[in-house]
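In what follows, every chain begins at residue 1, and chains take the letters A, B, ... in the order their sequences are listed.
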2 protein chains.
Amino acid sequence: MATGRTHRPATRSRGIPEATVARLPLYLRALTALSERSVPTVSSEELAAAAGVNSAKLRKDFSYLGSYGTRGVGYDVEYLVYQISRELGLTQDWPVAIVGIGNLGAALANYGGFASRGFRVAALIDADPAMAGTPVAGIPVQHTDDLDRIISDNGVSIGVITTPPGAAQQVCDRLVAAGVTSILNFAPTVLSVPDGVDVRKVDLSIELQILAFHEQRKAGEEAAADGTAAPAADEPAPPVRATPTNRKGPEGDMPAVMPA
Amino acid sequence: MATGRTHRPATRSRGIPEATVARLPLYLRALTALSERSVPTVSSEELAAAAGVNSAKLRKDFSYLGSYGTRGVGYDVEYLVYQISRELGLTQDWPVAIVGIGNLGAALANYGGFASRGFRVAALIDADPAMAGTPVAGIPVQHTDDLDRIISDNGVSIGVITTPPGAAQQVCDRLVAAGVTSILNFAPTVLSVPDGVDVRKVDLSIELQILAFHEQRKAGEEAAADGTAAPAADEPAPPVRATPTNRKGPEGDMPAVMPA
DNA sequence: CTGTGTGAAATTATTCACAGCC
DNA sequence: GGCTGTGAATAATTTCACACAG
C-alpha cells in the first residue's frame with residue numbers, strides 16, 4: 001500500500017484481518033436490504049447466501065467483531081447493521097473530493113451509492129478553467145489551483161482521483177500535502193504516497209484482463225473436449241529474444257495450439 | 001465465484017495462482033510503459049518498483065509462467081510483454097458488450113483503457129427505447145429486446161453490467177442465456193450464475209468503505225497519541241437488541257470514545 | 001559479481017467440525 | 001433441535017535467503 005518500509009505489520013487493523021474488512025461492506029449491503037424488508041433476524045446461512053459467501057466464512061468474520069449472534073436463532077438485523085457500520089466508521093460522515101471531472105468523474109459524482117452509505121461528495125475539482133463553476137450533479141466544479149483550500153475547508157480526508165494517468169501522481173501529491181490520507185485511484189498508474197496514506201485502486205481494464213485470462217482458459221478446455229481447433233486468432237509475430245537460450249515456458253516461443 | 005458446488009479447486013488455472021493472475025496486468029502495464037520508452041531490459045527490482053510490488057513476489061509470479069529472465073541481467077522487455085499478453089489471452093481481440101448506458105456505462109464506453117488492451121466495445125445495450133439509435137462514444141445504443149441477437153452476432157463472451165441494481169440479475173441471466181461466460185458487474189448486487197460463468201465485481205462504494213475503515217483507525221491512533229478527543233460526530237441512537245444479553249463486542253453498545 | 005529462480009519458512013486466509021448456548 | 005462461535009486442520013500467499021547461471 002504505502003511506499004515506506006513496513007515497520008509494523010499494517011496488514012491487520014485492530015485485529016480484524018484485511019480479508020474480513022473487505023467483506024464487511026458486502027454483509028452490510030445484504031443486511032441493509034433485509035432491514036428495508038423489515039426482516040428481524042437472519043441466520044448465518046441465509047445472510048451468507050445473500051452476500052455471496054459461505055456461512056463458515058461469515059461466522060468467522062463476525063467472530064472478529066465480537067459475539068453478536070444468538071445461538072439457535074441467528075443475528076438481529078438492525079443490531080448487526082449498526083455494529084458493522086460502526087466498525088467501518090460509517091456512523092460518521094465522510095466528505096470526499098473527486099479530482100478530474102471527465103466522464104468517469106462525472107459518473108461518480110452522480111453515483112447514488114456514495115451518499116447512501118455515509119459518503120458525501122463535498123467537492124469536485126478539475127484542471128480545466130472552462131469547467132470552473134459548471135455544476136455537475138448539482139455541485140459546482142472548482143479549479144485545481146484552489147485544491148489546497150478546498151480540501152482543508154471541507155475537512156476532506158478521502159480523495160478520489162479520476163484524472164488522466166499523466167496527472168494522477170501530481171494530483172495525489174497535492175492531495176496528500178493538503179491533508180488527505182486515503183485515496184481511491186481510478187487512474188491506471190501506480191501512485192507513491194508517504195507512509196500512513198492508504199491507496200486503493202480500481203482499474204477497469206485490469207478486471208477485464210483477469211476475465212480474459214479465464215475466458216481463454218475456458219476456450220482451451222472446450223476445444224480440448226470438442227476437438228474443435230482454438231480460434232487461432234491472428235497471432236502477431238512473437239518477439240524473439242535478443243539472446244535465444246533454452247527457454248522453458250509452457251508453450252515456448254512458437255505459437256502452438258495446446259499445451260500438455 | 002460461480003453458484004454451483006465446488007467440485008474442482010477452481011482457484012487455480014493452468015497452475016497459475018489466482019493472486020498471480022491478478023497481478024499480471026499490473027506487470028504488463030509497467031512493461032508496456034518501458035517498451036514505449038524503448039527500454040530493452042529490466043531487473044526484477046526495477047520492474048517491481050514500477051508495478052508497486054516487491055521484487056520477490058514478482059520473481060515468484062514470473063516463475064509460474066516459465067523462466068523468461070536472464071540471470072545477472074534481468075528480463076527482456078519486449079519478450080516479456082509478449083509472454084504475459086499471451087498468457088492473459090490478449091493476443092486476441094475480445095468484443096465486449098456494455099449493458100446499461102447511464103452515466104457509468106457511458107463513461108466506460110468512452111474509456112480509452114479498454115481499446116488499448118485487446119478489448120473492443122462491440123455493443124451498447126439499454127432498456128430505454130428513447131436511447132435506441134443515439135450514439136454514445138460513436139457507437140449506437142441498441143435496445144435490450146435485441147440482446148440475444150446482438151451478443152451472438154458479435155461473438156461477445158464478456159459482458160459488462162452497468163444497470164441499476166434491480167435490473168442486474170435479469171440482465172445477467174439474459175447475457176448468460178445468450179452465451180456470455182464472463183461478466184464484469186458494476187451493479188451493487190450479488191449475481192448468481194451457473195457453473196462455468198465467471199463474475200468479477202467492481203463496487204465503488206465498497207472501496208470507499210474499506211478506506212473509511214482504515215481512515216477511522218488512523219483517527220483513533222492519532223487521538224490516542226494527541227490526547228485529542230475523537231470528532232465524536234453525531235452518533236445516531238445505537239439500536240439495542242431485543243434480548244439484551246452479555247455482549248462482548250470490543251466497544252459494546254455504548255458509544256465509547258476509545259477502545260484499548 | 002549480479003540478479004534470477006526457487007525450495008523452505010512464515011504468514012494469512014479458508015474450511016471443517018463440533019462443543020456449547022438458546 | 002438449531003445455529004452460533006471457534007479451535008484445529010488445511011490451503012493459499014507472501015517472504016526469505018541462497019544456489020547457481022550468465
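- One finds a side-chain N or O of A/N54 lying less than 4.0 angstrom from the OP1 or OP2 phosphate oxygen of C/dT15.
- Partners of A/R59 according to the salt bridge (charged side-chain N to carboxylate O under 4.0 Å, His left out) rule, which considers only residues two or more places apart in sequence or in another chain, do not exist here.
- Checked against D/dG22, D/dT14, C/dT14, the side chain of B/T70 finds its nearest nucleotide in D/dG22.
- In this structure, the CG atom of A/L58 is 12 Å from the P atom of C/dT15, given to the nearest Å.
- A straight line from CG of B/L47 to C1' of C/dG3 spans 13 Å, rounded to a whole angstrom.
- Rounding to whole angstrom units, OH of residue A/Y64 and P of D/dT6 are separated by 11 Å.
- Listed by chain and residue number, nothing satisfies the salt bridge (charged side-chain N to carboxylate O under 4.0 Å, His left out) test with A/R71 (two or more places apart in sequence, or in another chain).
- Here the P atom of nucleotide D/dG5 and the NZ atom of A/K57 are 18 Å apart, to the nearest Å.
- Listed by chain and number, the residues in a ring-ring contact (aromatic ring centres under 6.0 Å, His included) with B/F62 are B/Y27, B/Y75 (sequence neighbours excluded).
- Rounded to whole Å, atom C1' of C/dT2 lies 12 Å from atom CD of B/E46.
- Between A/F114 and A/Y111, the distance from one ring center to the other falls under 6.0 angstrom.
- Of the possible polar contacts, one joining the B/S43 side chain to the B/E46 backbone as a donor-acceptor pair under 3.5 Å is found.
- Straight-line distance from the CD atom of A/E45 to the P atom of C/dA17: 15 Å, rounded to whole Å.
- As a whole-Å value, the separation of A/D76 CG from D/dT4 P is 13 Å.
- When the salt bridge (charged side-chain N to carboxylate O under 4.0 Å, His left out) test is applied to B/E78, no partner is found at least two apart in sequence or on another chain.
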Give each protein N/O atom lying under 3.5 Å from an N/O atom of nucleotides 18-21 of chain C, with the pair distance.
from, atom 1, to, atom 2, distance (Å)
C/dG20, N3, A/R71, NH1, 3.4

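- Across the interface with DNA chain C, nearest-nucleotide mapping of A/R23 and B/A56 shows B/A56 to be the residue nearer the 5′ end.
- The stretch residues 22-34 of chain A participates, sequence neighbours left out, in these salt bridge (charged side-chain N to carboxylate O under 4.0 Å, His left out) pairs: A/R23-A/D61, A/R29-B/D203.
- Within the structure, a side-chain polar atom (N or O) of B/Y75 is placed less than 4.0 Å from OP1 or OP2 of C/dG5.
- Atom CZ of B/F62 is separated from atom P of D/dT14 by 14 Å (rounded to the nearest Å).
- Residue-to-nucleotide proximity on DNA chain C shows that, of A/K60 and A/V73, the 5′-proximal contact is made by A/K60.
- Contact annotation: B/S43 side-chain N/O to C/dG3 OP1/OP2 distance is not under 4.0 Å.
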